[in-house]
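None of the values given here were measured: they were computed from a predicted structure. Counting begins at 1 with the first residue of the sequence. Atoms within a ligand are numbered from 1 in the order they appear, just like the ligands themselves.
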Amino acid sequence: MMNGKRYDVIVIGAGMGGLSCGTLLAKEGLRVLICEQSSKPGGYCVNFKRNGFTFAPAVHYLNEFGPNSQMEEAFQTLGLPPEFEFCPQDPQRRIITPHFHLTLSTDIDQFEKDLIHLFPKEKLSIHAYVEELKRLVKNIEGLSIKSLDLISLKEKFQLLYKFVMTPQLLRYRGKTGQEVLDSFFKDPLLKYLLTFGARKGSSIFTCAGPIMWAIKGNFYYIKDKAIGALPQLFLRYYKAYGGEIFFNTLVKKIAIEEGKVRGVQIEEGEEIQSRYVISNGDCHLTFQYLIGNHLLPDRFVRKLQNREISAPIFTLYLGVDLDLAQMGFDGALVHHYPTIRKNPWEEKDAEEFDIQKEKMAIRMDSIKNPMLAPIDKHTVAIAAFAPYDLFADGSNKSPHYAEIKEEIAQKIIETTERVIPALSSHIIVRDASTPLTYERRTLNKRGATMGWYLSAKELSRIRGQKTPIANLYQAGHWTFPGGGIPMVIISGINAAKLVLKSMKKLA
Ligand SMILES: Cc1cc2nc3c(=O)[nH]c(=O)nc-3n(C[C@H](O)[C@H](O)[C@H](O)COP(=O)(O)OP(=O)(O)OC[C@H]3O[C@@H](n4cnc5c(N)ncnc54)[C@H](O)[C@@H]3O)c2cc1C
């Protein structure tokens, strides 16, 4: 055995889900080990530096981090100090299309007016839609996201009551964005805008998310800190509570004996024993490779094989010597639609794909957090959905990978000049992540950004975090309640509570 020790719990992966789970378990006095294949904590929630510029490959905004929020409660549960200042990002985003500019901020009445100004024929429908979302936000306020495996009978009744008292939840449960937007609006351009980039089959709640966050003022960043400070804070407290972590340690197998976990095997083939294992890693990797289909129920394997995963992203990172603030930018996320599609739900495969027609999210994080760039310089990160198969030949890297990556980067720069004029002549640092980069760094299959693709159908099915193997639980975006930083922190807490409950340490 690596250090001759037997652990109560081994957590596979130090993403935010794994760190949150490990922190609570260590705080409760359990012997916990986290095995992380990379050299850093945080999974997708990290930073990297290039010549004095600090970039975030993924996480840009945080929901639920304001006063009296779910994360305030989570920090208390995890025994983390309120060390960071979470500032609202307001306006939340600026939408730039070839036809108009539009701002989405907490001043939702102004947003409604601006939309009506652009689409006067849809005045009544726009008002009805915004009012419906306001009611929904008000009604779901304070709804706790606990795994069904953890809630008491009383809490189940309270949840049921909340559902009954929130008719929108029942009305739109299982409904796609397409169905609901079609029922409100006629104008295809308006419908396209209100998808906010959600895919065909997505739930209406995915499309309505940005407006609901604006109504609630639920869009934050960490003041004077890069996002990678968040996992570092978790790690510091995890270790202070006595938790151990092995970096550069790939888990190759979950050891199972008579249907129950016994520990994990790491790269060198050594087994480390533990009573419980939590997987914070990719779902396919966990079940098909670390366990093996032969040890799992057929129905479970079939379900796993048939589920869709979330779409991957291409991100271009630029360090520029432009004074972006002087040019009128305020650090709000810019959603640039170079073209407007006639059919909002059209999906392109790798062959038909043209990045210059895709919606691009442009982040200029150093405007709000100047420490991310050298003086008088700025960071610009431009992200767009891009098919995995564009960069891969089957499951291997395409022989033309470098050329495709360069071509896409050039096209993104060219298109973004419509938003940031003369961008190409002010670039001093450049890097990019393809879906393969994301996959390599975090082992998320095909660079999935948020675990499973949560279609309207999937979202309406409430899932737990238990697995068919006894004492093996999941934490992170491949399980309940879903993707995004607040969700995976909650899922880590839920997984830890499942262990504590099973050990009868939870009242
Ligand atoms: C481009 C992009 C933009 C995003 N933007 C936002 C945003 O603005 N706001 C937001 O809230 N969310 C955003 N997300 C989503 C969010 O980043 C993820 O949902 C979340 O970080 C997932 O956390 P996790 O703990 O589930 O897993 P991950 O971050 O995937 O971490 C899993 C960890 O497990 C490790 N691991 C896996 N398998 C093994 C193994 N066998 N052995 C050892 N270690 C292993 C990996 O190395 C990794 O460190 C974005 C995602 C992407 C990709």
**Q** Do me a favour and list the nearest non-hydrogen protein atom to atom 12 (N) of ligand 1 with residue, atom name and distance?
**A**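 Its nearest protein heavy-atom neighbour is Gly484 CA, 3.5 Å.
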**Q** Over 60° means perpendicular and under 30° means parallel, so tell me whether Phe84 and Phe86 are parallel, tilted or perpendicular.
**A**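 Perpendicular.
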**Q** Between Met450 and ligand 1, does any nitrogen or oxygen pair lie at a separation below 3.5 Å?
**A**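 Checking ligand 1 against Met450, no N or O pair falls under 3.5 Å apart.
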**Q** Tell me, which protein residue and heavy-atom name are nearest atom 35 (C) of ligand 1, and how many Å apart are they?
**A**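 Of the protein heavy atoms, Glu36 OE1, 3.3 Å lies nearest.
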**Q** Under a 4.5 Å cut-off applied to non-hydrogen side-chain atoms, are Met16 and Val59 in contact?
**A**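 The answer is no; the side chains never approach within 4.5 Å.
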**Q** Applying a heavy-atom cut-off of 4.0 Å, say which part of Asn63 lies close to ligand 1: side chain, backbone, both or neither.
**A**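 Under 4.0 Å from ligand 1, Asn63 contributes no heavy atoms.
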**Q** Answer with yes or no whether the side chains of Gln465 and Thr479 bring together a donor and an acceptor at under 3.5 Å.
**A**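 Per modelled atom types, Thr479 and Gln465 side chains form no pair under 3.5 Å.
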**Q** Taking the side chain from Thr249 and the backbone from Phe247, do they hold a donor-acceptor pair closer than 3.5 Å?
**A**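 Yes, Thr249 side chain to Phe247 backbone: donor-acceptor pair under 3.5 Å.
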**Q** For ligand 1, which atoms have a heavy atom of Asn444 less than 4.0 angstrom away?
**A**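 Those qualifying, in numeric order: 30 (O).
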**Q** Do Phe75 and Phe65 have side-chain heavy atoms sitting under 4.5 Å apart?
**A**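 Yes. Closest side-chain heavy atoms under 4.5 Å.
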**Q** Got the closest protein heavy atom to atom 43 (C) of ligand 1, with its distance?
**A**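 Protein heavy atom at minimum distance: Gln37 N, 3.2 Å.
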**Q** Among all the protein's non-hydrogen atoms, which is closest to atom 26 (O) of ligand 1, and how far away is it?
**A**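 Heavy-atom neighbour on the protein nearest atom 26 (O) of ligand 1: His477 N, 2.7 Å.
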**Q** I need the atoms of ligand 1 closer than 4.0 Å to a non-hydrogen atom of Gly43, numbered in the order shown.
**A**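 Ligand 1 atoms under the 4.0 Å threshold to Gly43: 29 (O), 31 (O), 48 (C), 49 (O).
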**Q** Looking at residues at least two apart in the chain, or sitting in another chain, which of them share a side-chain hydrogen bond (donor to acceptor under 3.5 Å, both in side chains) with Glu36?
**A**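 Scan of Glu36 (side-chain hydrogen bond (donor to acceptor under 3.5 Å, both in side chains), adjacent residues dropped) gives Ser38.
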**Q** I need the single residue from Leu318, Ile382, Ile362 that forms a side chain to side chain contact (heavy atoms under 4.5 Å, CB included) with Ile412. Which is it?
**A**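 Running side chain to side chain contact (heavy atoms under 4.5 Å, CB included) over Leu318, Ile382, Ile362 with Ile412 returns exactly one hit, Ile382.
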**Q** For ligand 1, which atoms sit closer than 4.0 Å to a heavy atom of Gly17?
**A**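 Those qualifying, in numeric order: 25 (O).
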**Q** Would you say ligand 1 has an N or O under 3.5 Å from any N or O of Asn280?
**A**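 By distance alone, the answer is yes.
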**Q** So, is Leu285 polar-close to ligand 1, with some N/O to N/O distance under 3.5 Å?
**A**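 Checking ligand 1 against Leu285, no N or O pair falls under 3.5 Å apart.
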**Q** Look at atom 42 (N) of ligand 1 and say which protein heavy atom is nearest, naming residue and atom and giving the distance to 0.1 Å.
**A**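 Its nearest protein heavy-atom neighbour is Val251 N, 3.0 Å.
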**Q** So which heavy atom in the protein is nearest atom 8 (O) of ligand 1, and how far is it from that ligand atom?
**A**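 So the nearest neighbour among protein heavy atoms is His60 N, 2.9 Å.
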**Q** Taking 4.0 Å as the limit for heavy-atom contacts, which would you say applies to Val488 with ligand 1: side chain only, backbone only, both, or neither?
**A**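 Under 4.0 Å from ligand 1, Val488 contributes side-chain atoms alone.
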**Q** For Tyr438, which part has a heavy atom under 4.0 Å from ligand 1: side chain, backbone, both, or neither?
**A**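 Only the side chain of Tyr438 comes within reach of ligand 1.
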**Q** Tell me which protein heavy atom sits closest to atom 50 (C) of ligand 1, plus the residue, atom name and distance to 0.1 Å.
**A**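 Minimum-distance protein heavy atom for atom 50 (C) of ligand 1 reads Ala58 CB, 4.0 Å.
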**Q** Under 4.0 Å from any heavy atom of Pro57, which atoms of ligand 1 are there?
**A**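 Atoms satisfying the 4.0 Å criterion: 1 (C).
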**Q** Taking C-beta and beyond as the side chain, do Glu83 and Arg236 meet within less than 4.5 Å on heavy atoms?
**A**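 When only atoms from C-beta onward are counted, Arg236 and Glu83 do touch, with a gap below 4.5 Å.
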**Q** Counting only heavy atoms not in Phe353, do more than 12 fall under 6.0 Å of its CZ?
**A**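 Enclosed.
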**Q** Show me which atoms of ligand 1 lie under 4.0 Å from any heavy atom of Thr449.
**A**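 Under 4.0 Å from Thr449, ligand 1 has these atoms: 15 (C), 18 (C), 19 (O), 51 (C), 52 (C), 53 (C).
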**Q** Which residue and non-hydrogen atom of the protein lie closest to atom 31 (O) of ligand 1, and at what distance in Å?
**A**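 Protein heavy atom at minimum distance: Gly15 CA, 3.4 Å.
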**Q** Between Cys35 and ligand 1, which part of the residue brings a heavy atom under 4.0 Å of the ligand: side chain, backbone, both or neither?
**A**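 It is the backbone that touches ligand 1; the side chain stays farther off.
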**Q** Below 4.0 Å from ligand 1: does a non-hydrogen atom of Leu62 turn up there or not?
**A**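 False for this residue.
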**Q** Any side-chain heavy atom of Phe287 sitting closer than 4.5 Å to one from Leu472?
**A**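 With C-beta onward as the side chain, the pair touches.
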**Q** Applying a heavy-atom cut-off of 4.0 Å, say which part of Ala475 lies close to ligand 1: side chain, backbone, both or neither.
**A**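 For Ala475, no heavy atom sits under 4.0 Å from ligand 1.
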**Q** Would you sort out whether Phe111 and Ile108 count as a side chain to side chain contact (heavy atoms under 4.5 Å, CB included), showing the intermediate values?
**A** CA-CA 5 Å; Phe111 175 70; Ile108 205 69; 4.1 Å; yes
**Q** Does any N/O atom on Ser38 come nearer than 3.5 Å to any N/O atom on ligand 1?
**A**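 No, there is no polar N/O contact under 3.5 Å.
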**Q** For Asp90, enumerate each residue passing the salt bridge (charged side-chain N to carboxylate O under 4.0 Å, His left out) test, keeping only those at least two apart in sequence or located in another chain.
**A**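 Expected list: none.
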**Q** Please identify which atoms of ligand 1 are closer than 4.0 Å to at least one heavy atom of Leu250.
**A**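 What qualifies from ligand 1 is 40 (C), 41 (N), 42 (N).
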**Q** With side chains defined as the heavy atoms from C-beta onward, is the minimum distance between Lys445 and Leu285 less than 4.5 Å?
**A**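 With C-beta onward as the side chain, the pair stays apart.
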**Q** Taking the inter-plane angle between the rings of Phe48 and Tyr317 on a 0 to 90° scale, is it parallel (under 30°), tilted (30 to 60°) or perpendicular (over 60°)?
**A**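 The rings of Phe48 and Tyr317 stand perpendicular, inter-plane angle above 60°.
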**Q** Pick one of side chain, backbone, both or neither for how Asp282 approaches ligand 1, counting any non-hydrogen atom pair under 4.0 Å.
**A**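 Answer for Asp282: neither.
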**Q** Can you say whether the rings of His284 and Trp478 are parallel (under 30°), tilted (30 to 60°) or perpendicular (over 60°)?
**A**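 Perpendicular.
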**Q** Side chain, backbone, both or neither: which part of Leu443 comes within less than 4.0 Å of ligand 1 when only heavy atoms are counted?
**A**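 Near ligand 1, Leu443 shows its side chain, while the N, CA, C and O stay back.
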**Q** For ligand 1, which is the ligand I care about here, please tell me if Gly18 has any N or O atom under 3.5 Å from one of the ligand's N or O atoms.
**A**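 The answer is no, given that Gly18 and ligand 1 share no N or O pair closer than 3.5 Å.
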**Q** Measuring from non-hydrogen atoms of Thr315 to any atom of ligand 1, is the shortest distance under 4.0 Å?
**A**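 Judged by the 4.0 Å heavy-atom criterion, Thr315 does not count as contacting ligand 1.
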**Q** Are the side chains of Leu235 and Ile34 in contact, using a 4.5 Å heavy-atom criterion?
**A**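 Side-chain contact under 4.5 Å: no.
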**Q** Does Ser433 come within less than 4.0 angstrom of ligand 1, counting non-hydrogen atoms of the residue?
**A**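 It does not; every heavy atom stays at 4.0 Å or beyond.
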**Q** Is there a donor-acceptor pair under 3.5 Å between the side chain of Thr103 and the backbone N or O of Arg94?
**A**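 Not at all, since once roles are kept as given, no pair shorter than 3.5 Å links the two residues.
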